[in-house]
> 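What follows is a single structure, and I will ask about it in a moment.
Throughout, numbering of the chain's residues begins at 1 and tracks the sequence.
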Amino acid sequence: MYCLGMFILFHDTGIVYGREGHHKNVGRVFDKIRGTAASLLREKTLVVRATGAHTGKALDGSYDTLKELDENDHLKRRRVRLRELAAVLRFADELAEGPQRTSEFMQDEGLYARESRQYHDNANITHIRIERATNRIVIDYEIKIETGLPSEVRRSGLVDLLGIVYKRIQKLNQERQYARFYSELLAPFRFTEVKFNFHCDGEILDTDLLPLKLTDIVVPGDQAKEIPSINPAYAINELADDILARC
């Protein structure tokens, strides 16, 4: 638990030197905060290895960073399940999406860089619930349809937003599947369930959308499915048209 806490504490601290490659700068921060005494080098090694695997690429160019970690390591003569804890860290980092990661004030004032706005738009509407007892990760999206704008602007904005959201859904589900492979602690999370709520003029719109369920089942011969292939009701253009017709 101590090691997991340290991994959580340090995993994004390298961002002070810039987001690009931030996972590679954790060691610099560790030295400043914890010091450089010889007695801390074992702890630093574990922190740097685990946090270095929470994003980025492996040495072979793939995104399978966890495979490079030892399954078991040690600190102060006690076993540390390094790979499993790193898997928990990586998955927890993915599940940390939500309004707490952005600022509506800064969004309204246009204070975020243009290339970052889509990520803040996504964070603002995302609400994640972790339900171990029901074997699922639940994502609820609360999307406000702006009124008073030209119809083509409203449609374009909604289509773009749904496109970003779908990519994030699939990314989160992939991370869930990936983390489960390396961690028995995460084995109960067998599927991701997604619900959309659309708001217009203070009302929640009635839609025919059923919850979207992404599971681990793989049927031999099937290709990897995009979200509209899982449920055609989620086809972006048709869904956008349906929602705007109701608002």
Side-chain angles (χ1 to χ4, degrees), residues 1-37 39-58 63-103 116 119-120 122-124 126-133 135-140 168-169 171-189 192:
M1 292 300 293
Y2 173 80
C3 287
L4 179 58
M6 294 300 286
F7 300 163
I8 293 169
L9 179 64
F10 277 100
H11 79 284
D12 268 347
T13 55
I15 290 177
V16 297
Y17 298 109
R19 176 166 289 278
E20 185 68 26
H22 68 275
H23 57 296
K24 300 178 180 179
N25 288 317
V26 171
R28 296 171 64 185
V29 180
F30 186 96
D31 288 347
K32 290 288 186 180
I33 302 301
R34 294 285 283 141
T36 57
S39 60
L40 291 170
L41 294 182
R42 176 97 283 263
E43 179 180 308
K44 177 182 177 179
T45 294
L46 297 180
V47 169
V48 169
R49 286 180 176 168
T51 58
H54 89 279
T55 187
K57 292 184 178 181
Y63 292 98
D64 188 4
T65 57
L66 296 177
K67 71 179 179 182
E68 297 180 338
L69 298 179
D70 292 332
E71 183 175 352
N72 291 298
D73 215 305
H74 62 96
L75 179 66
K76 297 185 183 297
R77 299 186 180 89
R78 300 189 65 177
R79 180 170 72 101
V80 175
R81 292 173 291 174
L82 184 61
R83 185 187 292 166
E84 183 161 31
L85 294 184
V88 171
L89 171 69
R90 179 163 169 158
F91 190 39
D93 197 38
E94 187 68 30
L95 294 178
E97 188 68 281
Q100 75 279 358
R101 293 183 66 111
T102 188
S103 163
S116 299
Y119 303 110
H120 293 280
N122 180 72
N124 203 41
T126 305
H127 302 267
I128 294 176
R129 187 166 75 254
I130 302 168
E131 290 196 356
R132 189 180 185 88
N135 307 118
R136 62 182 181 162
I137 301 296
V138 179
I139 315 174
D140 287 278
R168 296 301 300 171
I169 291 170
K171 170 78 161 47
L172 186 148
N173 194 57
Q174 287 179 341
E175 290 288 346
R176 177 188 62 79
Q177 294 171 308
Y178 178 63
R180 287 183 76 232
F181 179 81
Y182 285 111
S183 172
E184 291 185 8
L185 289 170
L186 302 177
F189 298 110
T192 303

> side-chain contact (heavy atoms from CB on, under 4.5 Å) for Y17 and K24? Distances and angles first, verdict last.
CA-CA 10 Å; Y17 298 109; K24 300 178 180 179; over 6 Å; no

> Can you give me the closest heavy-atom contact between V48 and G27, atom names plus distance?
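Looking at all heavy atoms of both residues, the closest pair is CG2-CA, 3.8 Å.
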
> More than 12 heavy atoms of other residues, nucleotides or ligands under 6.0 Å from NZ of K67: is that the case?
yes

> Would you please test T102 and Y119 for side-chain contact (heavy atoms from CB on, under 4.5 Å) and show each step?
CA-CA 9 Å; T102 188; Y119 303 110; over 6 Å; no

> Stepwise, does the side-chain contact (heavy atoms from CB on, under 4.5 Å) test hold for D64 with Y182?
CA-CA 11 Å; D64 188 4; Y182 285 111; 3.0 Å; yes

> Just wondering, do L172 and I128 contact through their side chains at under 4.5 Å, heavy atoms?
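Yes, their side chains come closer than 4.5 Å.
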
> Step by step, would you call R49 with D73 a side-chain contact (heavy atoms from CB on, under 4.5 Å)?
CA-CA 11 Å; R49 286 180 176 168; D73 215 305; 3.8 Å; yes

> Exactly one of E84, R83, R81, R90 should register a side chain to side chain donor-acceptor pair (under 3.5 Å) with S183. Which one does?
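Passing option: E84.
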
> Please give me the minimum heavy-atom distance between A87 and L186, naming the atom from each residue.
O-CD1, 4.1 Å

> Which heavy atom in G56 sits nearest to a heavy atom in T65, and how many Å separate them?
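Nearest pair, atom of G56 first, then T65: O-CG2, 3.6 Å.
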
> If you draw a 6.0 Å radius around CD in Q100, do more than 12 non-hydrogen atoms from other residues or ligands fall strictly inside?
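Yes, CD of Q100 has more than 12 neighbouring heavy atoms, counting only those of other groups under 6.0 Å.
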
> Is F7 close to V47 at the side-chain level, that is, under 4.5 Å between some pair of heavy atoms?
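SC-SC contact between V47 and F7 confirmed.
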
> To the nearest 0.5 Å, what is the distance between OH on Y63 and OH on Y178?
12.0 Å

> To the nearest 0.5 Å, what is the distance between OH (Y2) and CZ (R78)?
13.0 Å

> Drop me the distance from I130's CD1 to F91's CZ, to the nearest 0.5 angstrom.
7.0 Å

> Do K76 and R42 have side chains that get closer than 4.5 Å, going by heavy atoms?
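No, every pair of side-chain atoms sits at 4.5 Å or beyond.
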
> Indicate yes or no: at least one non-hydrogen side-chain atom of H23 is less than 4.5 angstrom from one of T51.
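SC-SC contact between H23 and T51 ruled out.
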
> Supply the atom-to-atom distance T192 OG1 to I169 CD1, rounded to the nearest 0.5 angstrom.
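Interatomic distance, T192 OG1 to I169 CD1, rounded to 0.5 Å: 9.5 Å.
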
> Mark yes when over 12 heavy atoms from residues, nucleotides or ligands other than R132 sit less than 6.0 Å from its CZ; otherwise mark no.
yes

> I want to check something: taking the side chain as every heavy atom from C-beta on, are H120 and S103 in contact at a cut-off of under 4.5 Å?
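Counting from C-beta outward, H120 and S103 never come under 4.5 Å.
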
> So which of R176, E175, K171 actually passes side chain to side chain donor-acceptor pair (under 3.5 Å) with N173?
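The side chain to side chain donor-acceptor pair (under 3.5 Å) with N173 is passed solely by R176 among R176, E175, K171.
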
> For A86 versus L66, what's the shortest heavy-atom pair and its separation?
CB-CD2, 3.7 Å

> Output the distance between atom OG1 (T13) and atom CD1 (I33), rounded to the nearest 0.5 Å.
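Nearest 0.5 Å value for the OG1-CD1 distance: 8.0 Å.
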
> Just say parallel, tilted or perpendicular for the rings of H11 and H54, cut-offs at 30° and 60°.
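Because their plane-to-plane angle is over 60°, the rings of H11 and H54 count as perpendicular.
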
> Can you measure from CG (L89) to CZ (F10) and round to the nearest 0.5 angstrom?
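L89 CG to F10 CZ: 13.0 Å, rounded to 0.5 Å.
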
> Measure across E97 and A123 and return the closest heavy-atom pair with its distance rounded to 0.1 Å.
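In this case the closest contact between E97 and A123 is OE1-CB, 3.3 Å.
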
> Can you see which heavy atom on R101 is nearest to which on A96, and at what distance?
CD-O, 3.0 Å

